[in-house]
Structure formats: structure tokens, C-alpha cells
Protein chains: 2
Amino acid sequence: MTAELSDMPEFSPRQNAVLEQALKLLVDGGEKALTTSGLARAANCSKESLYKWFGDRDGLLAAMIAYQASKVRTFERSGGRLTADLLREHLETFGRDLLEVLSGEVSLALNRLAIGQASREGSKLGRLLVEHGRRQIDRRAIGLMEAGRRAGLLRFPDADSAYHTLYGLIVSDLHVRMLLGENGLKDNARQAEKAVHAFLSLHGASQNTERAGRAHSDA
Amino acid sequence: MTAELSDMPEFSPRQNAVLEQALKLLVDGGEKALTTSGLARAANCSKESLYKWFGDRDGLLAAMIAYQASKVRTFERSGGRLTADLLREHLETFGRDLLEVLSGEVSLALNRLAIGQASREGSKLGRLLVEHGRRQIDRRAIGLMEAGRRAGLLRFPDADSAYHTLYGLIVSDLHVRMLLGENGLKDNARQAEKAVHAFLSLHGASQNTERAGRAHSDA
DNA sequence: TCCTTGCAGTACCGTACGGTACGGTTCCGT
DNA sequence: ACGGAACCGTACCGTACGGTACTGCAAGGA
């Protein structure tokens, strides 16, 4: 797939370094800590350059989101024949990756930033974030869904709806809790495992996709 | 002096009116619009009174959360005998209520506020919000879970885990999307219906709790 | 060598906020 | 009637931010 270059402003290396520092400041101290003066000091650049490069503060924030999104590359894994075990493997990997991304410091900081700005009308940050950061991973999951259905391993009327079910099973309210400051899970892999087990119980084509040997009964 | 978290400060009617105005300002314009001067002007009170009543700005924010939580009363519905249909009814009602609460303007505004402040270390707003606003509804759901299990209608090893499953099925990523500024669902009841159907498929004791007649297939 | 371009560093400006202080008014108890 | 408490309205203060302007300086090209 060819990535849309029009959405990617392609900043200069110097600008990338500045944006990196900006993300660091944001992660460390939240939006309050991300001031133009502070960023100029931390990144050894002048405020005038910041305004020349990014226009204004909102432009800087948008650039930070675009820059972070440009760092995350989602690789389309499409091997050959898809078996039940392989599908579960892929689903669990997806779940682990999803939890890993959502609990990342930068992701949490950017989401907090966008949510904090979401009240204002002209704030495109939320759209931007969900567009750049989410669409990739959504595509990967939907692809997995439809591959599973084509292989006769999954049954559902609507891939999008099934994906939302999987998402809910994996994440539940964890994302919001982490956004509120709570700690993440101790074992993302276990959570992914349980979620995929439930998902396959709901949408798996054959019942024996559930292996009785796995320890899903827990304590 | 700081009040204990556990008790209800029980504000005076005048203070309640001021807090109501504060919530209105917050809902309308976000945290940026909630200034002490602006609140004093909007509520026809003096800034001095604000600081006398709530200590400082953080105290005001905490008071707003406590006040809003005091308005939401969750009534423990525990009738007599619990049948499968009755259980599903209660679960669906819970789902509708949950979606209704989460998509409420005040809830979204307060969550945005707490999330925006979550980066700072000394910010108890997140804990406060999840404590006051969530515990009630959590209790209600867990009670429902265990009542269902006692009646032999539900099977699960852990009520808390089962509740999180239900929560994820109902809400998925909708809460975060709404926090980012997206619109809510057109039909909360339908979403609750689908979620409860899936939940009963996972944790319902007997398979015939799923009535074939219901229209869960569609697009 | 000179001129231009780009940027760091800093000083500066207007504004707006959190928080405090003070005068004036209403209300209540005695 | 008197005094005090509570409170409104406003003026005020220090600070810090976003954004602009200006001064130096280093690199590159003719």
C-alpha cells in the first residue's frame, strides 16, 4: 500500500528533533509544561523559529501528532494459509500490540492533549489523532477479521461490528482509566489471551477452536 | 483544611447554585472557560466567596465532581425471583443507563477535565472521579452479576472480570471517541441489546437464553 | 570578500489568569 | 437600634503565557 504523502508534512531533521523534545516535555509535565518558551529552551531553538515552522501553538500540536503517527508503522501481516491456531495467534498478537500502544506514555499524553482540547469547536486535534493514530491499527484488525471469515474460521454479519466487539473485549475501560492516571495491566498478554478466547467463543466458526487445555479459568 | 474523601461535603444551596453554574461553564467552553472571574460573574458571586468556600481552584474542581456525583443516585433494583428474561432486562437497562451516563455532556466535560489534569502528579481528580462517579454504577453491575450467578443464570469464575467483559461489550471504544469530540450512538438501546446478547452467549448458564427471534443479525 | 539566508538568544508587549484586599450592602441576632 | 457576619462588586497585584521584533552570528554561494 502507498501511504498518503499529502497528509505527511515531512519535517526536516531539525524540526523532528524539536518535535521529539516537544513530545518529551508533554509526556513529562502534561500540556501545561509544553510552552513555547520552554520548548525553545529545551530544544535550543528560538521561539521565532517555532512560529516560522509551525505557525502557532495549535500548529505545533498538530505537527506533534503527525510526527508521532509517522513513527508508528503498522506492517500488514498476511501470510499464506490461515488456520484456526494461526488466526488466534494473530488475534492475540493484535491484542497485545493494541494494549501496548494504548498504554504507551506518548500515546497517553497525546490522547490527554487532544481530549483536553476537544471542548473547543475548532479543535481538529481529536479527528487528527483518531485519523492518523487509529486508522492503521483499525485496518489491520479489519483485515484480520475478513481473512478469518474468508478462511471459514469466523462468522459475523459485519466486520466492523465484530472488530468493535474484539476491541471492547481487549480494552474494556482500561484506556479511560489509564487516561485518568491509573496504572496499566501487569500482564497485557494474558488480557489479550482472554479477550481472544471470548471473541472466538462469540464469532469462531467451530466450537473446538476453544482448546480445553488453556488456563482461562483463572483465580 | 482538606475534607476526607469518603464523606459528602453537603454544600449550601447557594454553593450548589454556584457549582451548577460552574458545570455549565465547563460544559459550554471546556476548562479554559472555567475561570474564577468568569464563574464569579456568571454566578453573581464574588471571587472572595469562591476562595472562602472552595479554598482554591483545585478545590473548586473537586467540589464540582462531588456535587455532580451527589446528583446521580443509583437505585439498587433487587426485586424478587430472578428469571432469565428478567436478568436480560436488567442487564439491558444497565447498558442503556451506562451509555446514557457516559454520553452525557456533564460527564464528558468532567472526564475531559480530569484527564487533562491527570498528567500532574498531585492531581487527585482522576481518582476522585472514578471513585465518586464510577463506584456506584460498578456496584450495581456487580450486584447484578452475582444475583445472576446465585440464580443459576450466569456462570463465571470472577464477577469483577465478568463485569469488565460486559462493560467492554457495551462501551467498546465509544467513550474515548466521545471524549475526543465524536458524536455518540444513534441508538443506545440497540447497542445495549447486542452487548447483552453477546455477554449471555459468553456467560449465560443455558444456551436457550438466546432467543432466535431477536433481530441481532443485520448490518 | 561581501552579501544573503537562517537561526539562536533575548528583550519586549499585551493579555489574562489565580489569588488578595477593600469598600459597600444586606441580613440576622440581641 | 446596634454590631457583626456574610457577601457582592471591583480594583489590584504578581506572574506567566503566546506571539513579535531585534540583535548577533555562522554558513554558503557568487
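If you're wondering where the values come from, they're calculated on a predicted model, not measured in any experiment. Naming convention: chains lettered A, B, ... in sequence-line order (proteins, then strands); numbering from 1 in each chain.
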Going by side-chain hydrogen bond (donor to acceptor under 3.5 Å, both in side chains), name the pairs with one or both residues in residues 101-115 of chain B, residues two or more places apart or in two chains.
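Every pair satisfying side-chain hydrogen bond (donor to acceptor under 3.5 Å, both in side chains) with a residue in residues 101-115 of chain B: B/Ser107-B/Asn111.
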
Heavy-atom closest pair, residues A/Cys45 and A/Val18
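What the structure gives for the nearest pair is SG-CG2, 4.3 Å.
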
Distance-minimising heavy-atom pair for B/Arg149 and B/Phe156:
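Shortest heavy-atom contact: NH1-O, 3.4 Å.
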
With sequence neighbours left out, write down each residue that passes side chain to side chain contact (heavy atoms under 4.5 Å, CB included) with [X], or none if nothing qualifies.
{"X": "A/Val106", "value": "A/Leu23, A/Val27, A/Gln68, A/Leu110"}
{"X": "A/Asp187", "value": "A/Ala189, A/Arg190"}
{"X": "A/Ala62", "value": "A/Leu125, A/Leu128"}
{"X": "B/Ala147", "value": "B/Leu82, B/Arg150"}

Carboxylate-amine/guanidinium contact B/Arg140 B/Asp97, below 4.0 Å
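Looking at B/Asp97 together with B/Arg140, the answer is yes, because their closest N to O distance falls below 4.0 Å.
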
DNA chain D: A/Thr36 or B/Ala40, which has the more 5' nearest nucleotide?
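Closer to the 5' end of DNA chain D: B/Ala40.
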
Between protein and nucleotides 24-29 of chain D, what N or O pairs are separated by less than 3.5 Å?
none

NA contact type, B/Arg14, heavy-atom cut-off 4.0 Å: base, sugar-phosphate, or nothing?
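Sugar-phosphate contact only - B/Arg14 comes under 4.0 Å of backbone atoms but never of a base.
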
With the side chain counted from C-beta on, respond yes when A/Arg120 and A/Asp58 share a heavy-atom pair under 4.5 Å apart, and no when they do not.
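When only atoms from C-beta onward are counted, A/Asp58 and A/Arg120 do touch, with a gap below 4.5 Å.
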
A/Met64 versus A/Leu26: any side-chain heavy-atom pair under 4.5 Å?
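A side-chain contact exists here, since the closest heavy-atom pair is under 4.5 Å.
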
Looking at five pairs on each end of the helix from C/dT1-D/dA30 to C/dT30-D/dA1, what is the angle between the two axes, given to 10 degrees?
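Taking five pairs per end, the axes differ by 0°.
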
Which residues, if any, of residues 15-33 of chain B bring a heavy atom under 4.0 Å of DNA chain C?
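Correct list: empty, so none.
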
Taking the side chain from B/Gln191 and the backbone from B/Asn188, do they hold a donor-acceptor pair closer than 3.5 Å?
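Between the backbone of B/Asn188 and the side chain of B/Gln191 there is no qualifying donor-acceptor contact (under 3.5 Å).
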
First and last nucleotide of DNA chain C in contact with chain B, 5' to 3', at under 4.0 Å to a heavy atom: what are they?
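It runs C/dC17 to C/dC22.
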
For residues 30-49 of chain A, which residue pairs qualify under salt bridge (charged side-chain N to carboxylate O under 4.0 Å, His left out), counting only residues two or more places apart or in two chains?
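Listed once each, the pairs are A/Glu31-A/Arg57.
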
Return the residues of residues 49-65 of chain B meeting this criterion: a heavy atom under 4.0 Å from some atom of DNA chain D. Order them by number, or give none.
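By residue number: B/Ser49, B/Trp53.
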
Flag for B/Tyr67-B/Glu20: side-chain donor and acceptor within less than 3.5 Å
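B/Glu20 vs B/Tyr67: donor-acceptor pair found between side chains.
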
Pairs under 3.5 angstrom only: tabulate donor-acceptor contacts from the side chains of residues 163-171 of chain B to other protein residues two or more places apart or in another chain.
| unit_1 | atom_1 | unit_2 | atom_2 | d |
| --- | --- | --- | --- | --- |
| B/Tyr163 | OH | B/Asp138 | OD1 | 2.6 |
| B/His164 | ND1 | B/Asp160 | O | 3.0 |
| B/Thr165 | OG1 | B/Ser161 | O | 3.1 |
| B/Tyr167 | OH | B/Arg134 | NH2 | 3.3 |

If you apply the rule salt bridge (charged side-chain N to carboxylate O under 4.0 Å, His left out), what do you find for B/Glu131 with B/Arg127, and how did you get there?
CA-CA 6 Å; B/Glu131 204 77 11; B/Arg127 301 255 325 241; 5.1 Å; no

